[in-house]
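None of the values given here were measured: they were computed from a predicted structure. Letters A, B, ... mirror the listed sequences (proteins, then strands); counts begin at 1.
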Protein chains: 2
Amino acid sequence: MIEWRADSARWEQVARVIRKRIESGEYPPGRLISERGIVEEFGIAYTTARKVTAGLRTEGLIYTRPNYGSFVGPEPTDNE
Amino acid sequence: MIEWRADSARWEQVARVIRKRIESGEYPPGRLISERGIVEEFGIAYTTARKVTAGLRTEGLIYTRPNYGSFVGPEPTDNE
DNA sequence: AGATATTTGTTCGTATGTATC
DNA sequence: GGATACATACGAACAAATATC
């Protein structure tokens with residue numbers, strides 16, 4: 001369970017945890033936990049979980065295939 | 001960008017802009033810009049954007065379907 | 001082809017706390 | 001002190017695309 005801190009937004013704190021899991025290899029390249037999964041695990045609202053994935057996406061740490069899922073790693077290109 | 005004036009509330013100033021767009025036909029009957037869209041475009045807080053739609057709703061200029069969206073025009077009745 | 005399950009996408013509704021004028 | 005505005009978060013409903021069986 002996360003001990004929420006008052007000095008940063010919850011979505012940022014959750015993003016930090018997931019970022020660490022990616023960097024440590026706990027979340028290897030491939031499918032990421034779903035947004036609803038994040039809701040369940042961290043006990044946050046869906047709208048907040050959306051901000052988590054949006055943040056990680058902006059960082060380039062994950063990419064998202066619409067209506068399907070998010071993935072750890074760089075966005076794949078066409079020719080492959 | 002809106003140049004905020006001190007003589008009226010921000011939500012009123014934004015409502016005035018949207019009202020003009022409706023009356024000019026720039027916003028035709030049908031779906032209105034979302035509340036979050038208003039937040040983005042005008043650089044105001046969500047709670048303030050809520051007051052904008054509330055005001056336009058009170059005027060009867062728009063109606064809102066909960067959890068779905070706001071629409072330009074009169075509230076539809078059941079029998080049609 | 002069709003039904004189903006899964007997942008993301010979008011939107012409004014509501015509440016709380018903080019800051020500023 | 002009250003009104004206004006901002007930031008954040010939770011909750012809920014529904015839409016739409018995708019993959020699977």
Side-chain angles (χ1 to χ4, degrees), chain A residues 1-18 22 27 29-76 78, chain B residues 1-18 21-22 27-76 78:
Chain A
M1 271 289 292
I2 285 192
E3 287 287 329
W4 302 117
R5 308 182 61 151
D7 61 352
S8 71
R10 288 193 176 184
W11 75 261
E12 287 179 320
Q13 299 177 53
V14 173
R16 191 179 311 139
V17 171
I18 296 181
I22 292 174
Y27 282 168
R31 197 183 259 279
L32 186 71
I33 181 177
S34 74
E35 289 169 343
R36 252 85 184 193
I38 293 173
V39 168
E40 289 301 313
E41 174 172 355
F42 295 93
I44 59 176
Y46 179 66
T47 41
T48 307
R50 289 278 296 168
K51 291 188 180 178
V52 173
T53 53
L56 296 170
R57 205 156 39 235
T58 298
E59 287 184 70
L61 222 51
I62 68 171
Y63 65 94
T64 300
R65 285 175 54 186
N67 307 307
Y68 187 54
S70 290
F71 297 82
V72 176
E75 174 112 48
D78 276 351
Chain B
M1 271 290 291
I2 285 192
E3 286 288 329
W4 301 117
R5 309 181 60 149
D7 62 352
S8 70
R10 290 195 174 184
W11 75 261
E12 287 178 319
Q13 299 177 52
V14 173
R16 193 178 310 137
V17 171
I18 295 180
R21 290 180 183 172
I22 292 173
Y27 283 166
R31 197 183 261 279
L32 186 71
I33 182 176
S34 73
E35 289 169 344
R36 251 87 183 192
I38 293 173
V39 168
E40 289 300 313
E41 174 173 354
F42 295 94
I44 59 177
Y46 179 65
T47 41
T48 307
R50 289 279 297 166
K51 291 187 181 179
V52 174
T53 53
L56 297 170
R57 207 156 37 234
T58 298
E59 288 183 69
L61 222 51
I62 69 170
Y63 66 95
T64 300
R65 285 173 54 185
N67 305 312
Y68 190 57
S70 290
F71 298 81
V72 176
E75 172 112 49
D78 277 351

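The separation between Glu35(A) atom CD and dT7(C) atom P is 11 Å, rounded to whole Å. One atom, CD1 of Ile38(B), and another, C1' of dT10(C), lie 15 Å apart when rounded to the nearest Å. Summarising the geometry, the separation between OH on Tyr63(B) and C1' on dT11(C) is reported as 15 Å, rounded to the nearest angstrom. As a whole-Å value, the separation of Asn67(A) CG from dA5(C) C1' is 14 Å. One can place CD of Glu40(A) at 13 Å from P of dT8(C), the figure rounded to the nearest angstrom. Here dT6(C) presents its C1' atom at 10 Å from CZ of Arg36(A), a figure rounded to the nearest Å. At whole-Å resolution of the value, OH in Tyr68(A) and C1' in dA5(C) are 12 Å apart.
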Do Tyr63(B) and Leu32(B) pass the side-chain contact (heavy atoms from CB on, under 4.5 Å) test, and can you show the C-alpha distance, the side-chain angles, and the key distance before you say yes or no?
CA-CA 9 Å; Tyr63(B) 66 95; Leu32(B) 186 71; over 6 Å; no
Could you walk me through whether Trp11(A) and Thr53(A) satisfy the side-chain contact (heavy atoms from CB on, under 4.5 Å) test, starting with their C-alpha distance in whole Å, then the side-chain angles of each, then the deciding distance to 0.1 Å, before giving a yes or no?
CA-CA 9 Å; Trp11(A) 75 261; Thr53(A) 53; over 6 Å; no
Stepwise side-chain contact (heavy atoms from CB on, under 4.5 Å) check, Ile18(B) with Leu61(B):
CA-CA 10 Å; Ile18(B) 295 180; Leu61(B) 222 51; over 6 Å; no
Quick one: do Ile22(A) and Ile62(A) satisfy side-chain contact (heavy atoms from CB on, under 4.5 Å)? Show the steps, please.
CA-CA 9 Å; Ile22(A) 292 174; Ile62(A) 68 171; 3.9 Å; yes
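The closest donor-acceptor contact from the side chain of Glu12(A) to the backbone of Ala9(A) lies under 3.5 Å. Between the Thr58(B) side chain and the Ala54(B) main chain, a donor and an acceptor come within less than 3.5 Å of each other. Side-chain N or O atoms of Gln13(A) include one that pairs as donor or acceptor with a backbone N or O of Ser8(A) at under 3.5 Å.
Residue Arg65(A) is in sugar-phosphate contact alone, with no base atom involved, counting any heavy-atom pair closer than 4.0 Å across all strands shown. Counting any heavy atom pair closer than 4.0 Å across all strands shown, Thr53(A) reaches no nucleic acid atom. Using a 4.0 Å heavy-atom distance criterion, Thr47(B) is classed as a base contact.
Against DNA chain C, the stretch residues 3-17 of chain B makes no heavy-atom approach under 4.0 Å.
Considering CD1 of Ile33(A) and CD of Glu40(A), their distance stands at 9.5 Å, rounded to 0.5 Å.
Interface limits on DNA chain D: the 5'-most and 3'-most nucleotides within less than 4.0 Å of chain A heavy atoms are dT8(D) to dA19(D).
Note on Arg10(B) versus Glu3(B): no salt bridge recorded, every NZ/NE/NH1/NH2 to OD/OE distance being 4.0 Å or above.
Place Ser70(A) and Tyr46(B) on DNA chain C by their nearest nucleotides, and Ser70(A) ends up nearer the 5' end.
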